[in-house]
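Worksheet: the structure to be examined is printed underneath.
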Amino acid sequence: MLDTASRPAPARASSRVLHGLLSPWGRFALLVAVLGAAAALVAVYRPQHLLSGGGAAPADRLLAAALFAAVYGLCAAAFAPRPLLNAAAGALLGTAAGLAAAIAGTVLAAGIAFGLGRVLGQGALRPLVRGRWLTAADGLMSRYGFRSMLALRLFPGVPFAAVNYGAAVSRMRWPSFLVATGLGSVPNTAAYVVAGSTAASPASPAFVAATAFIAVSAAVACVVAWRKRHRLGAAARAHGDGGPPRTGA
């Protein structure tokens, strides 16, 4: 009798372990482990320098752009610096192909991060969305998915990874997130790509214009953020006290 009663114990233990792994916090722990491992690999191997180092590129320009976009997406999802990747795209592929590859890589990286956050992190983190600012950010992303994401991508200096995982925790839809990311990333990405493609001629009008755009847009973003801080606080209070969020663009 004792032997018969004790037999289901391993099965119950395995069930508890599986339940823990599949729970929201178990999935979140897996997300943290994956992101930590990715960041460590980028810090150790620095794959972004392989792109910027000018390795041998395939003769087919379309294939080269596709390969670059794939590597860009994986590197950016693992926290490699996007400005360096964008400049490398211009240096290796030229302005047109480099911009297309960089935007494709940006959308791929954002999609990877959004998917990881949505599958592994949303269940654990969403109940923690409390407080005025967190509630406001969640409400803006959930109610006005496309517009809020487009504004965040256009605004220079907003951390790429933070936006990806913040959107994943919200109720933003996939199409709104990906399309707004692609469109909103064009201006700043183009500036870095042009700077990379013309870096060999630093006195050229294109290089000067690109670097000037980068500097001016960053300065304008800081000034606007400082001057609008009170209005942003009022918007946060308004959206933080609003009703239940709607999903959509």
If every non-hydrogen atom of [X] is compared with every non-hydrogen atom of [Y], which pair is closest and at what distance?
X: Ile112; Y: Gly73; value: CD1-O, 4.3 Å
X: Ala101; Y: Ala69; value: O-CB, 3.5 Å
X: Ala109; Y: Ala76; value: CB-CB, 3.5 Å
X: Ser170; Y: Arg118; value: O-NH2, 3.1 Å
X: Ala191; Y: Ala210; value: O-CB, 3.4 Å
X: Tyr192; Y: Pro83; value: CE2-CB, 3.6 Å

Euclidean distance, [Y] [atom2] relative to [X] [atom1], rounded to 0.5 Å:
X: Leu99; Y: Leu93; atom1: CG; atom2: CG; result: 11.0 Å
X: Arg82; Y: Cys75; atom1: CZ; atom2: SG; result: 12.5 Å
X: Tyr72; Y: Thr106; atom1: OH; atom2: OG1; result: 3.0 Å

Would you say the side chain of [Y] lies within less than 4.5 Å of the side chain of [X], judging by non-hydrogen atoms?
X: Ser176; Y: Arg147; result: no
X: Thr181; Y: Leu150; result: no
X: Leu183; Y: Phe146; result: yes
X: Ile214; Y: Asn188; result: no

Connected via hydrophobic side-chain network under 4.5 Å: [X] and [Y]:
X: Ile103; Y: Phe160; value: no
X: Val119; Y: Leu108; value: yes
X: Val194; Y: Leu92; value: no
X: Val216; Y: Phe213; value: no
X: Trp174; Y: Leu152; value: yes

Side chains of Arg153 and Ser185: any donor to acceptor distance under 3.5 Å?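 No.
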
Partner residues of Leu62 under the side chain to side chain contact (heavy atoms under 4.5 Å, CB included) criterion, sequence neighbours left out: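 Partners of Leu62 by the side chain to side chain contact (heavy atoms under 4.5 Å, CB included) criterion, ordered by chain and then number, come out as Asp60.
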
Taking Ser201 for its side chain and Ala203 for its backbone only, find out whether a donor-acceptor pair lies under 3.5 Å.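 Looks like no, no N/O pair under 3.5 Å.
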
Under 3.5 Å, side chain of Thr189 to main-chain N/O of Val186, donor-acceptor pair present?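 Not a single qualifying donor-acceptor pair exists.
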
Could you tell me how the ring of Phe177 sits relative to the ring of Phe114: parallel (under 30°), tilted (30 to 60°) or perpendicular (over 60°)?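 If you compare the ring of Phe177 with that of Phe114, the planes turn out parallel.
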
